[in-house]
Amino acid sequence: MTIEDELKIITRNVVDVLPNKEELKKLLQERRPLKIKYGVDPTAPDIHLGHTVVLWKLRDFQNLGHIVQFILGDFTAMIGDPSGRNEARKTLPEDVIRDNAKTYLDQVFKILNKEKTEVNPNSKWFKQMGLDGFLGLASHYTVARVLERSEFKDRFVNKQEITLLEFIYPLLQGYDSVMLKNDIEIGGTDQTFNLLVGRDLQKDYGQKEQIVLTMPLLVGTDGTRKMSKTYGNYIGITDAAEQMFGKAMSITDNLIFTYFRLLTPVPETRIAGMELKVRSGEMNPRDAKAMLASELVVLYHGKEKALAASEEFDRIFKNKELPSEMPSSVYANSDKVWIVDALVDNKLAKNKTEANRLIQQGAVELDGSVISVPDYDISLEKEHILKVGKRRFLKIRGGKNTV
RNA sequence: GGGGAGAUGCCCGAGAGGUUAAAGGGAAUGGGCUGUAAACCCAUUAGCCGUAGGCUUUCGAAGGUUCGAAUCCUUCUCUCCCCA
């Protein structure tokens with residue numbers, strides 16, 4: 001493979017190469033396995049598709065024979081990355097972080113090649129650094145430089161608070177690079193500043209500076225904000241197959257191909273072809289989206305489940321039939337149940353008021369017919385199917401019957 | 001250390017003694033139209049009462065004034081701003 005080909009693969013989907021592409025090219029010309037650093041703080045037990053954007057890029061590197069240096073920010077997780085919000089981060093206890101780290105890695109290796117990945121917990125060096133060591137590190141950087149960061153600049157000008165921790169955090173992340181002597185570091189565009197600090201620090205420590213690649217932030221299923229657990233607009237990679245499929249189907253149309261490119265290993269030519277067809281009206285965007293949804297489910301649950309999820313989806317939403325499986329609820333010692341109770345008991349409504357509301361709005365169906373008055377008992381002589389909204393189903397029956 | 005401003009429902013934000021379960025917007029949920037898309041239209045968004053009118057709790061916290069308090073008074077907690 002030529003350098004140009006390699007460069008093309010590496011820079012696909014990348015927002016920025018810093019300081020520039022030329023430097024990256026030079027690096028590739030050395031024709032040796034490069035060390036690519038990527039760091040994550042295990043502050044939550046699960047990752048979502050937003051995280052996989054960077055992982056796929058790392059995978060590209062691995063496929064080209066390079067090595068991923070995965071920084072497990074177990075130390076920095078205890079402190080909390082202040083990037084973005086200025087709400088106080090809660091500090092996490094060590095055992096929680098350890099558990100998170102484990103599930104994190106399991107999930108990460110659904111994309112990364114384990115053989116070409118080394119995992120480095122940054123507690124390894126930070127735990128024993130000591131105040132003297134830290135002050136030494138702090139002397140390598142200046143307030144002015146941190147203030148250059150646009151986010152800080154704005155806040156500084158607007159006299160909003162900036163905590164010292166926020167000031168320090170980039171230094172810690174940069175120090176990871178000093179310890180690893182990596183060739184390249186990769187992260188989301190929101191990490192640009194932190195990544196550049198890594199460069200500066202490496203230089204100050206007399207090392208070769210890392211090249212920085214930034215990846216786009218994935219827009220969440222709401223189509224506006226970045227994908228994040230706190231916004232509830234995420235697709236978790238541990239989401240159940242049906243759920244994942246459904247969430248993918250609910251994204252807005254102009255996100256379809258962005259998702260294809262950033263989240264799947266589908267070759268660019270195929271994606272571009274599809275995009276063209278959709279734009280010319282030859283292909284219904286819905287079908288492209290269904291393919292996207294399948295691709296995603298295949299990745300995390302396998303072909304079989306993807307097929308099943310797709311069929312299930314069509315069954316419920318296209319053909320308006322019942323799902324093949326649904327949760328069931330058994331009422332043991334009674335021959336009837338008030339519909340409002342049934343909704344609340346089975347968490348189809350938060351409380352009775354909400355249950356009433358749903359009923360009055362015509363969101364509740366029993367065996368296919370809308371129940372619009374709350375004054376209704378479900379007889380438990382036989383099995384019934386309760387439907388709330390478009391997608392919540394429940395089988396309901398008395399206790400004596402066998403399954 | 002001195003001076004000032006503020007805390008309202010999921011979020012933002014109006015309200016300045018009664019007609020206020022609290023305007024408006026955002027968001028979410030449900031319905032309609034569709035392709036579980038967007039856009040658009042409608043409705044809902046404290047809880048309880050077997051549904052019909054009620055009742056109970058809510059405006060940072062605790063007390064108080066009043067027939068009546070989100071609105072007035074006292075104390076407390078927290079946030080922000082300005083000066084040094």
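Below, all heavy atoms of this structure are taken into account, side chains as well, without hydrogens, waters or symmetry copies. Just so it is clear: chains get the letters A, B, ... in the order the sequence lines come, proteins before strands, and each one is counted from 1.
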Engineer: Of the options C48(B), G50(B), G30(B), whose atoms approach the side-chain atoms of Trp338(A) most closely?
Structural biologist: G50(B)
Engineer: I want to confirm an ordering. Mapping Lys350(A) and Val388(A) to their closest nucleotides on RNA chain B, which one lands closer to the 5' end?
Structural biologist: Val388(A)
Engineer: Distance between the C1' atoms of G60(B) and G9(B), in whole angstroms?
Structural biologist: 14 Å
Engineer: For nucleotides U77(B) and A38(B), find the distance between their P atoms and express it as a whole number of Å.
Structural biologist: 49 Å
Engineer: Could one point to a donor on the side chain of Gln361(A) or the base of U29(B) with an acceptor on the other under 3.5 Å away?
Structural biologist: no
Engineer: Among the candidates A38(B), G35(B), U45(B), find the nucleotide nearest to the side-chain atoms of Thr252(A).
Structural biologist: A38(B)
Engineer: How far, in whole Å, is A28(B) from C12(B) if one measures between their C1' atoms?
Structural biologist: 15 Å
Engineer: Within the 4.0 Å heavy-atom criterion, would you say Arg391(A) contacts the bases, only the backbone, or no part of the nucleic acid?
Structural biologist: base
Engineer: Of the nucleotides U36(B), A37(B), G30(B), which one has an atom closest to the side chain of Leu358(A)?
Structural biologist: G30(B)
Engineer: What's the verdict on ring-ring contact (aromatic ring centres under 6.0 Å, His included) for Tyr175(A) and Phe126(A), showing C-alpha distance, side-chain angles and the deciding distance?
Structural biologist: CA-CA 9 Å; Tyr175(A) 189 71; Phe126(A) 282 130; 5.7 Å; yes
Engineer: In whole angstrom, give me the gap between the C1' atoms of C41(B) and U51(B).
Structural biologist: 28 Å
Engineer: Given atom CG of Asn233(A) and atom C1' of A37(B), what is their separation to the nearest angstrom?
Structural biologist: 16 Å
Engineer: From the list U51(B), U36(B), G35(B), which nucleotide is the closest neighbour of the side chain of Pro374(A)?
Structural biologist: U51(B)
Engineer: With the side chain of Met249(A) defined as its heavy atoms from C-beta on, choose the nearest nucleotide among A37(B), U45(B), U36(B).
Structural biologist: U36(B)
Engineer: Start at the 5' end of RNA chain B and walk down; is the nucleotide closest to Val337(A) or to Gly362(A) reached first?
Structural biologist: Gly362(A)
Engineer: Check for a donor-acceptor pair, side chain of Asp74(A) on one end and backbone N or O of Asn122(A) on the other, with a separation under 3.5 Å.
Structural biologist: yes
Engineer: Is the base of G50(B) touched by the side chain of Asp341(A) through a donor-acceptor pair closer than 3.5 angstrom?
Structural biologist: no
Engineer: Roughly how many Å apart are U58(B) and U71(B), using the C1' atom of each and rounding to a whole number?
Structural biologist: 15 Å
Engineer: Does Arg286(A) have a side-chain nitrogen or oxygen under 4.0 Å from the phosphate oxygens OP1 or OP2 of A38(B)?
Structural biologist: no
Engineer: Nearest to the side chain of Lys352(A), which nucleotide is it out of U36(B), A37(B), C49(B)?
Structural biologist: C49(B)
Engineer: So if I take every side-chain heavy atom of Asp375(A) and compare against G50(B), U36(B), U29(B), which nucleotide ends up nearest?
Structural biologist: G50(B)
